Protein chains: 2
Amino acid sequence: MGAKRERADAARNRAKILTAAGEIVAARGVEALAMADVATAAGVGVGTLYRRFGDRSGLAYALIDEREREFQAAFIEGPPPLGPGAPGLTRIRAFLHALVDRTTAQLDLLVMAETATPLARFGAAYDLYHSHLTMLIAQVDPDADAFCLADALLAPLAAPLLAHRLRAGEVTADRIKSALDGLLAGFKA
Amino acid sequence: MGAKRERADAARNRAKILTAAGEIVAARGVEALAMADVATAAGVGVGTLYRRFGDRSGLAYALIDEREREFQAAFIEGPPPLGPGAPGLTRIRAFLHALVDRTTAQLDLLVMAETATPLARFGAAYDLYHSHLTMLIAQVDPDADAFCLADALLAPLAAPLLAHRLRAGEVTADRIKSALDGLLAGFKA
DNA sequence: CGATTAAGCGGAATTGATTCCGATTAATCG
DNA sequence: CGATTAATCGGAATCAATTCCGCTTAATCG
């Protein structure tokens with residue numbers, strides 16, 4: 001794991017870059033986070049930025065890193081109900097709730113860390129699928145939060161995630177369908 | 001709805017572009033779909049490409065459009081169980097299964113239509129969250145497909161989707177948490 | 001048909017991310 | 001401390017997407 005310890009100038013530059021990037025985000029938002037600007041503000045060349053952080057989303061991730069570490073530590077080794085000690089279902093619920101909070105707290109940076117470029121449309125399609133499902137769910141169970149459930153069923157089927165799983169050979173289309181059936185089983189319960 | 005009908009030369013160019021783009025994708029894959037190349041192959045200027053399709057992901061979407069229309073027609077007005085006529089839960093299941101198939105059939109283009117640029121990492125974070133959840137779920141219910149369920153719970157919380165929903169004011173963080181609780185309720189059922 | 005005009009056109013220019021590489025310099029070693 | 005070497009640097013060059021804008025031309029109208 002441990003690389004040979006960063007050279008002194010490298011560490012100094014890393015700090016300067018992170019500071020400059022943080023200030024730009026604070027002042028003008030993530031869209032304004034241009035690599036060339038960060039380099040200039042930090043007083044280093046763009047090459048330095050890339051050697052240190054890989055790419056734009058890597059820089060975003062670095063800006064998030066501290067809170068991310070805290071969050072990870074909390075659910076891996078922190079106190080219950082997030083950490084070990086509480087019963088499984090309780091921990092699952094606690095984790096999901098905490099993730100919602102953690103995500104909304106740094107929404108812009110997290111979007112950038114995941115997508116690099118602004119990210120295109122949510123498929124003209126997604127919205128159509130979503131309203132179709134919302135309608136069907138409302139019909140099956142008038143008491144459910146059809147809108148949110150529709151997202152819960154749809155999001156796992158987004159092309160990028162499916163591509164990730166299928167290409168890695170981690171799952172098959174049939175297995176995904178079975179899992180969906182399992183979810184649906186607990187529906188109008 | 002209907003704009004004033006496309007000019008003859010415009011329609012001709014649209015066809016030439018779509019043909020050229022389709023050939024490039026067939027021959028060298030979506031990564032090779034560079035706007036300048038498509039323009040050259042189609043014998044038009046890049047400006048024409050952009051006026052006609054908006055941007056790169058718009059072009060991808062156009063390449064997909066035909067099958068997409070068929071799919072949409074099938075679940076909106078086609079025969080049951082996909083279309084109207086079958087009971088709600090049956091239609092939901094049929095829709096989700098069909099969506100999995102429809103997505104896997106044109107995976108690359110759909111990814112491109114959704115993300116424009118290659119798409120960055122799945123958050124170094126996503127994988128960690130996923131294995132954490134997988135473990136907890138397996139512990140709660142040894143018979144469940146923990147791996148897939150973990151995706152089902154996690155994907156709806158991806159930053160881009162949350163950002164979309166929260167910014168539009170369509171939901172609140174608390175409502176999302178409640179919906180998650182609802183899903184969990186049907187778990188070890 | 002000739003005038004009129006808005007839609008459409010091409011491709012140079014711009015923008016921003018990412019890559020390259022010769023010049024530096026921190027860290028190591030004798 | 002001075003030599004040696006590998007890690008860093010800086011910033012010019014490259015690459016692709018997207019924007020701009022002056023020129024064309026299909027469609028419309030008298």
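What you see is a predicted model, and the numbers here were worked out from it, not measured in a lab. By convention in this document, chain letters (A, B, ...) are assigned in the order of the sequence lines, proteins followed by strands, and residues within each chain are numbered from 1. Values below: every heavy atom of this structure, side chains too, minus hydrogens, waters and symmetry copies.
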Inset, instruction - Salt-bridge test for B:Arg167 and A:Asp108: reply yes if a basic N is under 4.0 Å from a carboxylate O, no otherwise. - result: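 Salt bridge present between B:Arg167 and A:Asp108.
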Legend entry - Under-4.0 Å salt bridge between A:Asp181 and A:Lys177: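 No salt bridge links A:Asp181 with A:Lys177.
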Inset, instruction - Map A:Thr48 and B:Ala8 onto DNA chain D by nearest heavy atom, then report which one ends up closer to the 5' terminus. - result: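 Residue closer to the 5' terminus by nearest nucleotide: A:Thr48.
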[N] phosphate, OP1 or OP2, under 4.0 Å from [X] side-chain N/O:
X	N	value
B:Arg51	C:dA7	no
A:Asn13	D:dC9	yes
A:Arg12	C:dA26	no
A:Arg56	C:dA17	yes

Whole-Å distance separating the [atom1] atom of [X] from the [atom2] atom of [N]:
X	N	atom1	atom2	answer
B:Glu6	D:dA27	CD	C1'	14 Å
B:Arg14	C:dG8	CZ	P	9 Å
B:Leu59	D:dA16	CG	P	16 Å
B:Phe53	D:dT19	CZ	P	16 Å
B:Leu49	D:dA17	CG	C1'	11 Å

Legend entry - Main-chain N/O of B:Arg67 paired with B:Arg102 side-chain donor or acceptor, under 3.5 Å: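 Between the backbone of B:Arg67 and the side chain of B:Arg102 there is no qualifying donor-acceptor contact (under 3.5 Å).
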Inset, instruction - Using modelled atom types only, decide if a donor and an acceptor are shared between the side chain of B:Arg91 and the backbone of B:Phe75 within a distance under 3.5 Å. - result: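 Yes.
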[X] versus [Y]: any side-chain heavy-atom pair under 4.5 Å?
X	Y	result
A:Leu184	B:Leu96	yes
A:His164	B:Tyr126	no
B:Ser178	A:Asp145	no

Legend entry - Interface residues of residues 24-46 of chain A with DNA chain C (non-hydrogen, below 4.0 angstrom):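 Close to the strand are A:Leu33, A:Ala34, A:Met35, A:Val46.
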Inset, instruction - Quick one: sort the A:Phe95 and A:Phe71 rings into parallel, tilted or perpendicular, breaks at 30° and 60°. - result: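 Taking A:Phe71 first and then A:Phe95, their aromatic rings lie parallel (interplane angle under 30°).
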Candidates [options] - which lies nearest the side chain of [X]:
X	options	answer
B:Arg7	C:dA6, C:dA26, D:dG10	C:dA6
A:Tyr50	C:dG8, C:dT19, D:dT18	C:dT19
A:Asp55	C:dG8, C:dT18, D:dA7	C:dT18

Legend entry - Angle by which the axis turns from one end of the helix from C:dC1-D:dG30 to C:dG30-D:dC1 to the other, five pairs per end, to 10 degrees: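 Between the first-five-pair axis and the last-five-pair axis there is 10°.
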Legend entry - Atom of A:Gln72, atom of A:Tyr61 and distance for their closest heavy-atom approach: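 In this case the closest contact between A:Gln72 and A:Tyr61 is NE2-OH, 4.0 Å.
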